[in-house]
Structure formats: C-alpha cells, structure tokens
Amino acid sequence: MGSSAAPAPWTPGELRVALEAAFPGAGAEAVVVRAPGRVNLIGEHTDYNEGFVLPVAIDREIRIAAARQDDRRVEVVFLTTGERGAFSLDDLGPARTGSIAYVAGVAWALQEAGATLAGLRAVVASNLPIGAGLSSSAALELAAAWALLGPAGPAALGLDPMGLARLCQRAENEFVGVRCGLMDQFAAALGDPQGALLLDCRSLAWRVVPLPLASHALVVCHTGSARRLDASAYNERRAACERAVAVLAAHDPAVRSLRDLGPDRLADLAPLLDPITLARVRHVVTENERVGATVRALEAGDLGAVGAAFAASHASLRDDYGVSSPELDAMVEIATSVEGVVGARMTGAGFGGCTVNLVRRDAVDRLRAAVEAEYPRRTGLTPAVYPVEPAAGAGIIAGDG
Ligand code: GLA
C-alpha cells in the first residue's frame, strides 16, 4: 500500500560513489545539484493563457552528480530506473525519447543561448514519483541545466533563475515537443520553503504566499494511474485556447489572451464559440478568479474559502476543461468526505496523476486510512499518499547535505 514518508534522497557522497562506479575515473571533481518537483495548489491550465498560478516546490527532488570531461559527450545513468542515455553536444537532433531527451533538450537550449558546454558524465537519482503530475520533467530539466553549467551556474550566461526557467521551458516546448507553460520550470527554479509561489504568467511578477503549515499539511494522493504528460491531449487544449483567442480578437482587438477576459464577458462569448470551446474558455477565466480568491483566503486565514475554491477548480477541470479522470474524481470524493480535509482537487495537467489536499495535521492519518481503504475498492488501483513540505528552488548542493 502507499508509503507515507519520502524515501531519503541520495546524499552527495552516495551519488559521487555511484558516479565513480558508473564511469570509473570520471568523477573526481563532481558537482552535485538538485531540483524539486512541485504541486500546484490552484491555477490549472492558466499558465499558457497568461493567467495566474499558485504552485509549491516540494521536498521531493531530482539530484544529479556530474563530472565535466574534455570531450563533447554527455553520458547519463538514471539510477532510479536503470535507464542509460548518451548524446554528443555536436549532434543533438533528431528527437530523442526517454529521460535523456530532457537533458539533450536543455543542452540544446543552453547552446542556443550561447553557452559553451563541455562533455559530462552524470548519474541521476530521484525520490519524485515519475509521471505522477509532480513535474519530474521540469525538475530533471532544471537539475540538468545546473549540471551542464557547472559551478559557474546560470549567472555566467547572464541568466537569473527565472531566465533559466524560461530556457528550460523552451527546451520542453521546442525540443521535447510539449507546449507547456512556465509554471513547472518556474516552481523548480524559484521554490521557497516559506510557502506557495503566486506567479502572474504575463508580467512574470511573483511573490511567496505563506501557508498555514503549523496547523495544516499539504498531502499529495497519487491515483496509481501514472501517465506521462499526454502531449497530444495537452497540446490540443492549448490549441483550443489559441483558436478561441483568434475568434475573440477579431471582435475585440484588446483580447490578446484568455487572461484579458473577466467572468462578466462570458455571456457575450456564447454566440461566438462552439459549446466545447466556450467551456474551455470558461474554465480558464473562472480559474484565474479562483487563484485570486485562494490567495485572499489564505492571507485572511479563511480556509473554508480555500476549500470552496479547490472544489470549484476540480469541478471546472472535470466538466469544462475535460482533463480529470474517474480515478482523480474518486480520489477527490474520498478525501472530501474526511473530517479535517480542508480542500482537495486534481493537480497538474490531469489525465491521471495526483490530487493535492490541504489537511489539518491531525487528520492526515485519517485521510491516509480512508484513501487506502476506499480507493482500491472503487478503482482496483493502489494509491500512494505523500505529505509534502515546501522546498527551495534548484541549485548546487554544497557539502554532503
Ligand atoms: C503541466 C504543464 C504546466 C501547466 C499544467 C496545467 O504541468 O507543464 O505548464 O500548464 O500542466 O496547469
């Protein structure tokens, strides 16, 4: 049945030993880097519509030990899965598959930005469930960027962490082929142990929003229906939003993205859009409102309003945006029936993966027990329940911590 505590991440010392075992003689000057996964509290499928998101970087992460070489080859062993991959920095295309595609994509984007890279031998470890909707790909991208850049870090390229996040998003958009927004790379780059990160995806202004973590925990519930981000369904949703903007802009040139629409405009749009596209637009417009409502509620200590926003977000993703699943719906229903669960909703792209729950600390065990008893009965699948804490963004790990 699902585990509760995060498996301890590999220590830098253990990673250096693994690097030496995988690539004998390569690892004397290894740099060890890390990048966290994320859970999104609210603001789903809003980032690529220039809206608002509220993710939290979490204490489950990807770590890489990497040693630079005097050649142009990047060779990587993924310790958690046993996967191996390699490429030449002089021959990054054509498209690759598997985890190495993210590393190659970041190398491509760094070189496009003018970086002079050296060959690398690296081992990658993770205590982040893969394909669960917790942004293992963005974490791998950010960790790979720090590993490829070495001790000088992104500053040597004139990039701050936001700039590095955008570069990794470019790698995923243009090299891997998923037209994701900026949220995941942003959270992996700029995570803060103090709480959630409110990002305006148009201006890129952001700030930390504290969470009531003395009394409440963030709990991730994995449906066990792990899917890699379904690129075709995701890209199709994004294309529908872009088509809607094109139609609406023809009537009102002030509309540059769905961000420009408030809920008061929804009734006027009905004659212009087919019913499915109208539902997609309604989700984005109302979800942006819910991010604002959630931040105000958190700042006012009104957790009932946070729970209401989570419930409305889940219903909107299920009914209007069409990205939930029977498993996600069952998980949310089970959690919502547990006393002490403030809010529950699907998190991330959807189509499987995880829910996020804000739970009174004294109710975490009760939630776990309810999920472990009810969820397999309803779905035939094995769930996992992970309490998570906010964590810092990507960077080099100094020492052996
Ligand atoms: C994925 C993408 C993000 C975002 C979410 C949905 O995680 O990578 O950019 O669009 O889906 O909110």
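Given the structure is predicted, the values throughout are model-derived calculations rather than measurements. Each ligand, and each atom within it, is numbered from 1 in the order the structure gives.
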**Request:** May I ask whether Q185 has any heavy atom positioned less than 4.0 angstrom from an atom of ligand 1?
**Result:** no
**Item:** Side chain, backbone, both or neither: the part of R38 lying under 4.0 Å from ligand 1 by heavy atom
**Value:** side chain
**Request:** Start with the C-alpha gap between R290 and S316, add the side-chain angles, then the distance that decides, and say whether side-chain hydrogen bond (donor to acceptor under 3.5 Å, both in side chains) holds.
**Result:** CA-CA 11 Å; R290 286 186 288 271; S316 176; 3.1 Å; yes
Short N or O distance, [X] and ligand 1, threshold 3.5 Å exclusive:
{"X": "E44", "value": "yes"}
{"X": "T46", "value": "no"}
{"X": "G181", "value": "yes"}
{"X": "Y48", "value": "no"}
{"X": "H45", "value": "yes"}

What atoms of ligand 1 come closer than 4.0 angstrom to any heavy atom of [X]?
{"X": "Y234", "result": "1 (C), 2 (C), 3 (C), 4 (C), 9 (O), 10 (O), 11 (O)"}
{"X": "C180", "result": "2 (C), 8 (O), 9 (O)"}
{"X": "D184", "result": "1 (C), 2 (C), 3 (C), 7 (O), 8 (O)"}
{"X": "M183", "result": "4 (C), 5 (C), 12 (O)"}
{"X": "D47", "result": "3 (C), 4 (C), 9 (O), 10 (O)"}

**Lys/Arg N to Asp/Glu carboxylate O, R366 vs E339, below 4.0 Å** =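 Answer for the salt bridge query: yes.
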**Prompt:** Between E75 and R84, is there a salt bridge with N-O shorter than 4.0 Å?
**Reply:**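 Between E75 and R84 there is no salt bridge, as every charged N stays at least 4.0 Å from the carboxylate O atoms.
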**Between CG on residue N288 and CZ on residue F52, distance to nearest 0.5 Å** =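 The CZ atom of F52 is 6.0 Å from CG of N288, to the nearest 0.5 Å.
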**Asked** CG of L159 to CG of L149: how many Å apart, nearest 0.5 Å?
**Response** 8.0 Å
**Item:** The single option from M331, H314, R318 passing side chain to side chain contact (heavy atoms under 4.5 Å, CB included) against R345
**Value:** H314
**Request:** Measure up the H45 and Y321 rings against each other and bin them: parallel (under 30°), tilted (30 to 60°), perpendicular (over 60°).
**Result:** tilted
**Prompt:** In terms of ring plane angle, is the pair H222 and Y386 parallel, tilted or perpendicular, where the classes change at 30° and 60°?
**Reply:** tilted
